[in-house]
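In this chain, numbering begins with 1 at the start of the sequence shown.
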Amino acid sequence: MHNVLRVLGPVPLVAAVLGQTPILLNGNVFDGAGGPLLGGNVYHIVGSSGACGITVPGGQTLTIQPGAIVKVGGCWGVSGRVLAPGTANAPIIVTSIHDDSAGGDTNQNGAATVPSPGDWHNVDVLGDGSAWSHAQFRFGGNPSHAAINQRGRPATYRNCRFLDFGNTAVANAGGSIFDTCAFHDCVGIPVTGMSLATLAQCLDNTTVNCGADYFLVQYTLPFSADVQLLRRNALNGMGVLVLDVPNVQAPVIPAGRTLSIEGGLTLKFVRGNVRCNGRILAQGSVPPFGVVFTSFRDDVFGGDTNRDGNATQGTPGDWGGITLAAGDTSRFDWASIRFAGGDGRALRIEGSSAVLQVCAVSGSSTVGISFGATATPRASLRDTWVFDCLGQGIRDIPWSTLAASSRIQCSNNAGGNHVSVGGETITQPTILDKNCILGVDPVLESLGSLAVDAGGVLELPAGTIVKRLTTNTMTVRNGGELRLMGTARRPVVFTSFRDDSIGGDTNRDGGATLPAPGNWSNFNVIDGGRVRFENVLLRYGGGNATLAISGTGVSHLLRVRIERSLQSAFALAAVGTADNLVAWNNGADGIQCTGGAFALRHATAANNAGFGIRRPSAQFTGQVVNCIAHGNAAGNFGLLAAQVSFSNGGFAGSNGNLAVDPVFVNAAAGDLRLQAGSPCVGVADLGTALAVGRDFDEFPRVLDPALTGATSGDMGAHERAAFALVVVGEPRPGFAPLQLTVQGPPGLALFGLGLLDGPPFWLLPYGSVMLGNTFASIGSAPTGTAISYPIPGFPGILGLDVAVQAFGIAGGAALTNVDRWRIWG
């Protein structure tokens with residue numbers, strides 16, 4: 001620090017030239033007793049050992065007129081208030097006795113002494129309501145004292161200058177307001193102990209060559225009105241606000257109040273957290289005008305605020321975090337929350353209807369975002385990214401909140417990139433977006449009980465992977481409906497949390513734990529509940545039968561596989577459709593038909609510890625058609641012979657049944673497709689096969705596998721095809737083009753694409769055309785040769801079902817093979 005003599009604003013000419021003899025002040029001074037202090041006069045506050053030179057008593061006012069000069073020795077106590085209405089042409093100056101630039105050489109020593117920072121101690125404020133305008137404070141403060149100590153008492157400073165201080169200019173500012181003030185050459189932080197609520201009233205203040213370029217917020221007044229934070233509230237308009245608030249005094253936005261934060265503001269926390277029962281509007285936009293909540297040590301946003309030259313960096317847990325509590329209706333746009341988690345989470349959404357859009361949570365010492373109670377309307381995360389957290393990315397999000405969200409991404413979180421979903425009873429439509437979860441591990445961990453009750457619909461899109469490690473049953477009841485809407489390429493999967501073979505090592509244990517039958521319980525559909533499962537895989541369940549459907553609701557199962565269940569796989573009664581079911585390697589029966597008159601069509605049950613397919617009682621009066629049961633320990637069929645037709649596993653010689661080895665590709669490994677020489681190829685009931693339409697892999701159910709021109713259907717869930725369509729790439733607009741290849745005998749492949757907006761139709765003997773009503777040819781190539789096809793980015797097709805189909809032609813005969821997904825927006 002260097003000594004600077006400067007004249008800012010006019011001073012009384014006579015005093016400057018003649019060195020006016022000052023008027024001495026000591027003891028109690030107020031209007032009527034030594035005051036008011038008159039313009040044109042120079043006053044000297046004479047201090048004494050252990051006491052301030054003057055005191056404005058409580059309940060009293062000291063007025064300082066424009067142009068008055070006050071030179072301070074020691075300190076100045078204000079238990080009442082000071083009203084100092086200076087003007088631009090006649091400022092009020094509070095300075096050192098050695099400052100000859102104000103009021104002249106009042107100590108009559110010529111140039112023997114010059115002013116220095118810390119020449120006087122401080123103004124010690126113990127009363128409310130002081131007001132200063134166009135005042136200059138010079139050469140105050142020392143290492144032990146801020147120049148002005150407000151002690152939390154509110155005051156107003158407008159158009160004031162704070163110059164050459166040996167410490168902080170104003171400490172414990174509390175509810176004080178600073179408007180168009182300047183801080184020059186202060187050793188410390190210009191202003192400390194501010195309130196967040198009144199900081200919003202501080203505008204256009206500047207600093208040069210001080211120990212910091214920010215106001216320090218250290219406690220909060222109750223939000224008695226809405227508060228709007230602007231870049232103008234920060235020193236030099238730099239947009240950096242610093243908070244050092246212990247949790248007991250942390251900012252609380254009460255119900256009915258709003259804290260608005262302008263884009264471009266960075267709030268840096270030394271410690272503390274924020275709790276909101278009202279509303280936070282973080283009104284960011286494209287960089288650099290986002291809103292950032294971060295650590296005081298974070299130099300990436302707002303620069304090197306702590307002036308340590310990168311000696312310290314933002315660290316997970318540097319500050320607490322943000323809690324959006326019951327009643328909250330916050331909205332965060334283009335906002336970032338960094339290096340929080342000191343209170344157990346970076347962002348907790350509990351009983352809040354908050355909307356986060358284009359936001360990021362990173363560097364949390366624990367969970368990035370956690371959830372508690374569900375509000376109406378539901379909270380939502382849109383284009384939100386959680387990364388680099390020491391805990392899990394997102395935990396305990398309700399299903400209903402997840403359904404209101406889209407494009408959530410989690411990456412590089414030490415506790416896992418999966419999203420944990422809390423237990424919930426769903427009583428309203430809850431449809432998960434196909435783009436809901438993106439990122440490294442697009443896996444949902446289902447925690448606690450899940451129930452879909454009256455009025456509720458839960459729908460999970462193709463590609464959803466749900467992992468559980470709980471004995472809680474998932475119940476569908478009272479007219480509620482559960483829809484798992486997978487595709488052959490992207491099925492919906494429910495499996496063990498320990499299952500690393502699907503969705504990766506979600507529990508991050510490096511394979512130390514292995515999945516086991518019974519790791520999670522089951523689906524129980526009762527009392528009018530309904531399910532629609534299409535292309536679904538259920539693994540390692542079975543506290544009871546993994547999928548038990550009873551009651552009066554009508555459910556539909558198409559292309560569902562259950563494997564490694566602790567108990568039986570399927571227990572079915574109130575079923576309308578049961579096509580292409582697979583039960584493999586389960587701990588009891590594969591498929592139990594417990595009641596009803598439905599038809600079980602094209603099922604495969606193999607290597608189960610109980611029966612393959614059986615009815616536990618006479619309540620099942622339906623039929624088993626075109627099915628395979630093989631290698632089941634207790635027997636393949638436990639039904640009446642009259643109920644089984646065109647199936648393999650028993651009752652040979654009647655109703656088209658066989659009892660032979662079906663010749664699976666690899667039954668021990670779970671590959672239950674048929675080899676070329678299987679006796680089950682081409683012997684199914686053709687009418688049933690035509691009615692079912694597609695096999696487990698969404699191939700046409702009726703094909704010409706021998707390339708003879710004779711169309712037929714196969715027993716079991718999988719249709720044998722001579723040609724296979726291989727698709728490499730994701731059907732997403734803007735991504736790399738799809739690579740399409742038909743594998744099989746030498747010949748020609750014709751490729752088509754269309755929206756699935758119509759039923760399949762038969763083109764015998766070639767099979768079924770399943771491209772809807774918008775069929776378009778997209779090319780041809782010899783078998784074994786790839787063609788490239790970019791998915792068009794037309795907005796109208798985003799989110800719709802799309803099919804690519806290939807017709808393989810060899811020796812004058814043809815087969816078809818279909819591959820289906822949902823386009824991603």
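Distance alone, capped at 3.5 Å, places no donor-acceptor pair between the D453 side chain and the T425 backbone. Formation of a donor-acceptor pair under 3.5 Å by the S295 side chain with backbone atoms of G314 is not found in this model. At distances below 3.5 Å, at least one donor-acceptor pair connects side-chain atoms of N413 with backbone N or O atoms of V386. One N or O on the side chain of D308 and one on the backbone of T312 form a donor-acceptor pair closer than 3.5 Å. A donor-acceptor contact shorter than 3.5 Å links the side chain of N417 to the backbone of N412. In terms of modelled atom types and a separation under 3.5 Å, the side chain of T430 and the main chain of A403 share no donor-acceptor contact. Side chain of R564 to main chain of L538: no donor-acceptor pair is present (N/O by atom type, distance under 3.5 Å, no hydrogens or angles). At least one donor-acceptor pair closer than 3.5 Å links the side chain of T487 to the backbone N or O of R490. Although no hydrogens or angles enter the test, the distance criterion places no donor-acceptor pair under 3.5 Å between the side chain of Q283 and the main chain of G263. Remark: the backbone N or O of A516 is paired with a side-chain donor or acceptor of N519 at under 3.5 angstrom.
Salt bridge annotation for R307-D213: present, with a cationic side-chain nitrogen under 4.0 angstrom from a carboxylate oxygen. The existence of a salt bridge linking D500 and R498 is excluded, since no basic side-chain nitrogen approaches an acidic carboxylate oxygen closer than 4.0 Å. With salt bridges taken as basic N to acidic carboxylate O contacts below 4.0 Å, one links R559 and E534. Here R338 pairs with D298 in a salt bridge; the nearest charged N to carboxylate O distance falls below 4.0 Å.
Here the closest heavy-atom approach between residue V419 and residue C410 is recorded as CG2-SG, 4.2 Å. Of all the heavy atoms in V217 and S195, the pair that sits closest is CG1-C, 4.1 Å. Between P251 and L243, the shortest heavy-atom contact is CG-CD2, 4.1 Å. Scanning all heavy atoms of the two residues, the minimum distance from C210 to P190 falls at CB-CG, 4.2 Å. Residues L324 and S330 approach most closely at CD2-OG, 3.8 Å, considering heavy atoms. The two residues G152 and Y219 make their nearest non-hydrogen contact at O-OH, 3.6 Å.
Using a 4.5 Å cut-off on side-chain heavy atoms (C-beta onward), W520 and T471 make no contact. The shortest side-chain heavy-atom distance between N507 and T513 falls under the 4.5 Å cut-off. Within the 4.5 Å cutoff, the side chain of F371 has no heavy atoms near those of the S420 side chain. In this structure the side chain of L444 reaches within 4.5 angstrom of the side chain of L402, judged on heavy atoms. Within the 4.5 Å cutoff, no side-chain heavy atoms of L241 are placed close to those of T266. Residues V493 and T464 form no side-chain contact, since every pair of their non-hydrogen atoms from C-beta on lies 4.5 Å or further apart. For the pair F269 and V274, the minimum side-chain heavy-atom distance is below 4.5 Å. Residues P515 and R539 fail the side-chain proximity criterion, which asks for heavy atoms closer than 4.5 Å.
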Query raised in the report: Yes or no on side-chain hydrogen bond (donor to acceptor under 3.5 Å, both in side chains) for E424 and S400, after CA distance, side-chain angles and deciding distance?
Result: CA-CA 8 Å; E424 186 177 3; S400 54; 2.7 Å; yes
Requested in this report: Please step through salt bridge (Lys or Arg N to Asp or Glu O under 4.0 Å) for the pair K467 and D499, ending with a clear verdict.
Outcome: CA-CA 8 Å; K467 295 190 177 184; D499 184 1; 5.8 Å; no
**Report entry** Chi angles and distances behind the side chain to side chain contact (heavy atoms under 4.5 Å, CB included) call for I562, V536
**Finding:** CA-CA 8 Å; I562 301 179; V536 175; over 6 Å; no
Query raised in the report: So L229 and L259, side chain to side chain contact (heavy atoms under 4.5 Å, CB included) or not? Walk me through it.
Result: CA-CA 7 Å; L229 295 178; L259 171 63; 4.0 Å; yes
Query raised in the report: F215 and L199: side chain to side chain contact (heavy atoms under 4.5 Å, CB included), yes or no, with the steps?
Result: CA-CA 8 Å; F215 290 138; L199 177 62; 3.6 Å; yes
Report task. Carefully, step by step, assess T207 and N236 under the rule side chain to side chain contact (heavy atoms under 4.5 Å, CB included). Result -> CA-CA 6 Å; T207 179; N236 300 328; 3.1 Å; yes
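Partner of F296 under the ring pair (Phe, Tyr, Trp, His ring centres under 6.0 Å) criterion, chosen from Y214, F339, W319: Y214. Partner of S370 under the side chain to side chain donor-acceptor pair (under 3.5 Å) criterion, chosen from R395, Q392, R348: R348. Considering N544, N522, N524 in turn, N522 is the only one that fulfils the side chain to side chain donor-acceptor pair (under 3.5 Å) rule with T473.
With rounding to the nearest 0.5 angstrom, the CE atom of M194 is 11.0 Å from the CD atom of Q218. Atoms OG1 and CG, from T168 and L216 in turn, are 8.5 Å apart once rounded to the nearest 0.5 Å. Atom CZ in R532 sits 5.5 Å away from atom CE in M485 (nearest 0.5 Å). To the nearest 0.5 Å, atoms CG (N233) and CG (L203) are separated by 5.5 Å. Here T401 contributes atom OG1 and D396 contributes atom CG; the two are 11.0 Å apart, rounded to the nearest 0.5 Å. For the atom pair CG (N277) and CZ (F223), the distance works out to 12.0 Å, reported to the nearest 0.5 Å.
Between F494 and F533, the distance separating the two ring centers is not shorter than 6.0 angstrom.
Within a 6.0 Å radius of CD in Q313, no more than 12 heavy atoms belonging to other residues, nucleotides or ligands are found.
For T366 and R345, the side-chain atoms include no donor-acceptor pair closer than 3.5 Å. Judged purely by distance below 3.5 Å, without hydrogens or angles, the side chains of T305 and R297 never pair a donor atom with an acceptor atom.
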